[in-house]
2 protein chains.
Amino acid sequence: MTGTSPDFAARLRSAGLRPTRQRVALARVLFGAGHRHVTAESLHAEVKATRIPVALATVYNALNQFRDAGLLHEVVVAPGRSYFDTNTGHHHHFFVENDGELHDFPADKVTIAGLPAPPRGTRLSRVDVVVRVRR
Amino acid sequence: MTGTSPDFAARLRSAGLRPTRQRVALARVLFGAGHRHVTAESLHAEVKATRIPVALATVYNALNQFRDAGLLHEVVVAPGRSYFDTNTGHHHHFFVENDGELHDFPADKVTIAGLPAPPRGTRLSRVDVVVRVRR
DNA sequence: CAAGTACTTTAGAATAATTCCAAAGATGAA
DNA sequence: TTCATCTTTGGAATTATTCTAAAGTACTTG
Ligand SMILES: [Mn+2]
Ligand SMILES: [Mn+2]
Ligand SMILES: [Zn+2]
Ligand SMILES: [Zn+2]
């Protein structure tokens with residue numbers, strides 16, 4: 001086994017966060033495989049399955065801290081619930097309205113032309129495209 | 001005074017809703033002038049100012065019914081709060097992240113090219129573009 | 001390594017937005 | 001006018017999220 005498992009502790013440290021047992025466990029679930037879209041509840045369920053005890057409040061704390069540190073993006077597509085996205089690159093989303101599923105698609109193939117100038121006194125922050133679909 | 005004030009009662013009836021005192025009062029506030037983006041709370045505050053008593057639960061009921069009847073669109077741009085939009089036409093939004101303000105812009109000048117095909121088994125429902133800006 | 005301090009976790013209480021409930025009131029068809 | 005149906009309403013309930021303060025852990029320093 002010479003697998004190069006990412007060093008989550010180091011990644012947390014360089015984000016200015018102490019690599020505690022629960023933050024490392026959460027980072028492992030979040031960043032261990034491909035990109036993910038999670039809710040606080042779904043992440044809590046997953047991390048509990050790893051047998052490392054993490055309170056739901058800690059999941060909320062960590063998600064907000066990871067987001068503030070730039071490790072996650074928060075995606076708002078449905079009322080009443082936040083999705084956190086491990087894909088922090090430039091991309092957009094399909095949202096399956098039936099089951100609340102989110103799917104990424106890269107932004108570099110998408111061209112948006114003809115956007116008006118931002119309202120006076122404001123600076124562009126980001127452009128989010130949500131393609132809503134139904135089964 | 002020969003002003004042609006829109007007949008809100010009729011509009012409600014043809015949407016399949018009884019024109020009750022509170023639904024008419026809400027419709028007047030919502031549809032009496034140009035396009036609006038309201039929250040349940042903000043609409044409740046406005047309608048109360050007209051001295052017609054309307055419970056907050058009724059505002060929620062009416063907003064959901066108006067939306068289901070196609071008189072309003074629900075816009076989700078910020079976590080924890082829903083905006084209801086009297087503009088049901090094809091358009092997109094600037095969202096001023098600082099103060100939670102929404103501004104419309106028409107969709108007909110905007111061109112979106114290169115969108116991938118919807119995930120198999122799904123049909124396109126609508127494409128929402130949110131341009132996030134900051135002051 | 002021992003201490004000390006600052007940061008973290010946590011259970012449970014608190015908030016905020018929204019929905020539910022069951023009783024009282026209003027609407028419209030007959 | 002009558003009556004069945006729909007609507008409103010205050011307050012309780014629900015859901016997602018944040019707050020609090022006490023107990024625990026991680027880094028710094030000696
Ligand atoms: Mn948050
Ligand atoms: Mn709703
Ligand atoms: Zn994504
Ligand atoms: Zn709008």
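Each chain gets a letter, A, B and so on, in the order the sequences are listed, and its residues count up from 1. Values below: all heavy atoms of this structure, side chains included; hydrogens, waters and symmetry mates excluded.
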Helix axis bend for the helix from C:dC1-D:dG30 to C:dA30-D:dT1 - C1'-based end axes, five pairs, 10° rounding | 30°
Between D:dT14 (P) and A:E41 (CD): distance, integer Å = 16 Å
Distance-only donor-acceptor pairs under 3.5 Å for side chains of residues 108-117 of chain A, two or more places apart:
none

Hey, would you say the A:F31 and A:F8 ring centroids sit under 6.0 Å apart?
-> no
CG of A:L56 versus C1' of D:dT17: gap in Å, rounded?
-> 9 Å
Rounding to a whole Å, what distance do you find between A:H44:NE2 and D:dT17:P?
-> 13 Å
Separation of A:R81 atom CZ from D:dT17 atom P, in whole Å?
-> 7 Å
Is there a donor-acceptor pair under 3.5 Å between the side chain of A:Y83 and the backbone N or O of A:A78?
-> no
Could you check how far CG of A:N61 sits from P of D:dT20, rounded to whole Å?
-> 13 Å
Where along residues 15-24 of chain B does a heavy atom fall under 4.0 Å from DNA chain D?
-> B:R18, B:T20, B:Q22, B:R23
Find the distance B:Y60:OH to D:dT15:C1' and express it as a whole number of Å.
-> 13 Å
Please report, rounded to the nearest Å, how far the P atom of D:dC6 is from the CG atom of B:D68.
-> 16 Å
Got a second to check how far A:R18's CZ is from A:Q65's CD, nearest 0.5 Å?
-> 12.0 Å
Indicate, with a heavy-atom threshold strictly under 4.0 Å, whether A:T39 touches base, sugar-phosphate, or nothing.
-> nothing
Here the pair of heavy atoms bringing A:T86 nearest to A:L30 is CG2-O, 3.5 Å
Side chain of A:R13: nearest nucleotide among C:dA11, C:dC20, D:dC27?
-> D:dC27
For B:A62, does its backbone N or O pair with a side-chain atom of B:R23 as donor and acceptor, under 3.5 Å?
-> no
For the atom pair CG (A:L72) and CZ (A:F84), what is the distance rounded to the nearest 0.5 Å?
-> 7.0 Å
Specify the separation, in whole Å, of atom CG of A:L63 and atom C1' of D:dA16.
-> 13 Å
Answer yes or no: is there a donor N or O on one side and an acceptor on the other, between the side chain of B:R21 and the main chain of B:V54, under 3.5 Å?
-> no
Scan A:H73, A:H35, A:H37 and name whichever one has a side-chain hydrogen bond (donor to acceptor under 3.5 Å, both in side chains) with A:D85.
-> A:H37
